[in-house]
Chemist: 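Supplied in structure tokens, the structure appears directly below.
By convention here, the first residue in the shown sequence is residue 1.
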Amino acid sequence: MKIHHLRNATLVIETKDQVILVDPMLGKKGSLPPFSFFRFKMRRNPTVELPENSSSILEKVTHCIITHNHPDHIDVAAEKFLKSKNIPIICSVLDEKTFRKKELNVVQTVKYWEPSSFLNGKIEGIPAKHGYGFVAKPAGNVMGFYIELPNQPSIYLSSDTIYTKHVDKVLKEYKPEISIVAAGSAQFDIFKPLLMTVDDIVKFVENAPNKVIANHMEAVNHCPTTRENLKQTLERKNLLDKTFIPEDGELIDF
């Protein structure tokens, strides 16, 4: 299995037979408004361009998984791309109506804690809580995914979530071989963080049974945690050896 990190939460899972795009934000640098105006530097999003190798990777995509309907996980450019190629979409049953209205090719919907067949393997929806305290409610429905494909390492896409009993259960009971955590500690101008604090990212890595990929950093302006910050913290905790912190465009080969 190869995992291509493109930008933010956008990644591509490549196996011998399938190429699965996850949470595509494909617009040009600055194509979205700022997500923070005064807590963090006011910059339009994405704050960086897609890597140069993204086009050749995207050309191979056979399926797309979308964890939730936020513009840094599916933007207008991504919608156009998915529709132009009629890419089969897999999403939460709670987002099905929204994505069908956008005329996306939804071929499979997933429910929380209910495994279903997926590309000769299985996929299961995992609850995700998009923020600490009140902010999680307006942040809307989010779904993580636990995926097992034939002759491939199992993957836990935790999506945009804080550390919860559900996250803990998957790490400790499902024992994924690859766990992916959104590590930017996103926060709006008001309310508590939308993603795990650095302390909870450390907890996630500590409890992950195998390798961790940390993404969702340095691409949207409301994410203060940087790769270097996280690297230094994990190094102090002796956890860096089990964690990949990929640069945009980087390939991780499992």
Side-chain angles (χ1 to χ4, degrees), residues 1-13 22-23 25 35-36 39-41 43 45-51 53-54 67 72-73 126 128-132 144 146 153-187 192-254:
M1 175 180 288
K2 297 177 180 179
I3 294 184
H4 306 265
H5 171 72
L6 295 188
R7 177 181 62 184
N8 199 50
T10 307
L11 60 93
V12 173
I13 302 166
V22 178
D23 282 351
M25 176 177 66
F35 299 146
S36 170
R39 174 170 266 151
F40 306 113
K41 184 178 179 181
R43 292 182 292 166
N45 293 302
T47 58
V48 294
E49 295 285 8
L50 280 167
N53 62 344
S54 59
T67 64
D72 58 332
H73 292 258
I126 309 298
K129 187 176 182 183
H130 202 338
Y132 297 88
Y146 176 73
S154 56
I155 300 180
Y156 173 34
L157 297 166
S158 64
S159 185
D160 281 13
T161 187
I162 61 173
Y163 198 99
T164 66
K165 63 181 182 181
H166 306 302
V167 172
D168 195 73
K169 175 181 177 177
V170 175
L171 294 176
K172 293 177 178 177
E173 296 181 19
Y174 288 41
K175 300 187 184 305
E177 291 166 89
I178 304 166
S179 300
I180 300 172
V181 60
S185 308
Q187 194 167 1
K192 294 179 180 179
L194 294 152
L195 299 174
M196 292 182 206
T197 60
V198 173
D199 286 346
D200 276 345
I201 297 165
V202 168
K203 184 178 178 181
F204 184 102
V205 177
E206 284 176 333
N207 290 330
N210 297 293
K211 293 292 187 179
V212 174
I213 298 173
N215 67 3
H216 211 308
M217 288 178 285
E218 299 182 41
V220 284
N221 86 304
H222 65 328
C223 285
T225 300
T226 65
R227 292 176 172 96
E228 189 57 34
N229 294 154
L230 185 60
K231 181 179 178 181
Q232 290 175 7
T233 300
L234 294 175
E235 205 161 29
R236 287 196 300 270
K237 301 284 186 179
N238 295 315
L239 293 169
L240 192 56
D241 284 351
K242 67 187 291 192
T243 312
F244 294 99
I245 306 175
E247 297 295 327
D248 293 351
E250 187 171 339
L251 168 67
I252 306 170
D253 207 335
F254 291 94

Chemist: Please list every donor-acceptor pair under 3.5 Å in which a side-chain atom of residues 247-254 meets a protein atom from a residue at least two apart or in another chain.
Modeler:
residue : atom : partner : partner atom : Å
Asp248  : OD1  : His5    : NE2          : 3.1
Asp248  : OD1  : Arg227  : NH2          : 2.7
Glu250  : OE1  : Glu247  : N            : 2.9

Chemist: I need the Ile13 CD1 to Ile180 CD1 distance, nearest 0.5 Å.
Modeler: 5.5 Å
Chemist: Passes side chain to side chain contact (heavy atoms under 4.5 Å, CB included), Leu240 versus Ile245? Steps please.
Modeler: CA-CA 9 Å; Leu240 192 56; Ile245 306 175; 4.1 Å; yes
Chemist: Over all heavy atoms of both residues, which pair between Pro209 and Pro176 is shortest? Give the atoms and the distance, please.
Modeler: CG-O, 3.4 Å
Chemist: Would you please test Met1 and Ile178 for side chain to side chain contact (heavy atoms under 4.5 Å, CB included) and show each step?
Modeler: CA-CA 11 Å; Met1 175 180 288; Ile178 304 166; 4.0 Å; yes
Chemist: Supply the atom-to-atom distance Leu195 CG to Cys223 SG, rounded to the nearest 0.5 angstrom.
Modeler: 6.0 Å
Chemist: Can you tell me how far OH of Tyr146 sits from CG of Leu171, rounded to the nearest 0.5 angstrom?
Modeler: 11.0 Å
Chemist: Side chains of Met196 and Tyr132, heavy atoms from C-beta outward: is any pair under 4.5 Å?
Modeler: yes
Chemist: Quick one: do the Asp23 and Thr67 side chains pair a donor with an acceptor below 3.5 Å?
Modeler: yes
Chemist: Does Asn8 use its side chain to pair, donor to acceptor, with the backbone of Pro46 at less than 3.5 Å?
Modeler: no
Chemist: Using every non-hydrogen atom in the two residues, find where Ala214 and Leu230 come nearest and quote the distance to one decimal.
Modeler: CB-CD2, 3.7 Å
Chemist: Does the Lys211 side chain pair with the main chain of Asp241, one donor and one acceptor, at a distance under 3.5 Å?
Modeler: yes
Chemist: Looking at every non-hydrogen atom in both residues, tell me the closest pair between Glu177 and Pro153 and how far apart they are.
Modeler: OE2-CA, 3.5 Å
Chemist: Passes side chain to side chain contact (heavy atoms under 4.5 Å, CB included), Glu218 versus Val48? Steps please.
Modeler: CA-CA 8 Å; Glu218 299 182 41; Val48 294; over 6 Å; no
Chemist: Hey, what do you get for CZ (Phe244) to CD1 (Ile3), rounding to the nearest 0.5 Å?
Modeler: 9.0 Å
Chemist: Under 3.5 Å, is there a donor-acceptor pair between the side chain of Lys175 and the main chain of Lys172?
Modeler: yes
Chemist: Give, for atom CG of Leu11 and atom NZ of Lys2, the distance between the pair rounded to the nearest 0.5 Å.
Modeler: 15.5 Å
Chemist: Quick one: side-chain contact (heavy atoms from CB on, under 4.5 Å) partners of Asn53, sequence neighbours excluded?
Modeler: Pro51, Ser56, Ile57
Chemist: Give a yes or no on whether the backbone of Val205 and the side-chain of Lys242 come within a donor-acceptor separation of less than 3.5 Å.
Modeler: yes
Chemist: Are side-chain heavy atoms of Met25 and Val220 found at a separation under 4.5 Å?
Modeler: yes
Chemist: Ala182 and Ser159: which non-hydrogen atoms are nearest, and at how many Å?
Modeler: CB-O, 3.7 Å
Chemist: Can you list the steps and then say if Ile201 with Ser185 is a side chain to side chain contact (heavy atoms under 4.5 Å, CB included)?
Modeler: CA-CA 9 Å; Ile201 297 165; Ser185 308; 4.1 Å; yes
Chemist: Shortest non-hydrogen contact from Ser158 to Val181?
Modeler: OG-CA, 3.5 Å
Chemist: In Å and rounded to the nearest 0.5 Å, what is the CD to CD distance from Glu228 to Glu235?
Modeler: 8.5 Å
Chemist: Would you tabulate the side-chain donor-acceptor contacts of residues 160-167 under 3.5 Å, counting partners in other chains and residues two or more places apart, or write 'none'?
Modeler:
residue : atom : partner : partner atom : Å
Asp160  : OD1  : His73   : NE2          : 3.3
Asp160  : OD2  : His68   : NE2          : 3.3
Asp160  : OD2  : His73   : NE2          : 2.8
Asp160  : OD2  : His130  : NE2          : 3.1
Thr161  : OG1  : Lys129  : N            : 2.9
Thr161  : OG1  : Lys129  : O            : 3.4
Tyr163  : OH   : Asp168  : OD1          : 2.6
Tyr163  : OH   : Asn207  : ND2          : 2.9
Thr164  : OG1  : His166  : N            : 3.2
Thr164  : OG1  : Val167  : N            : 3.2

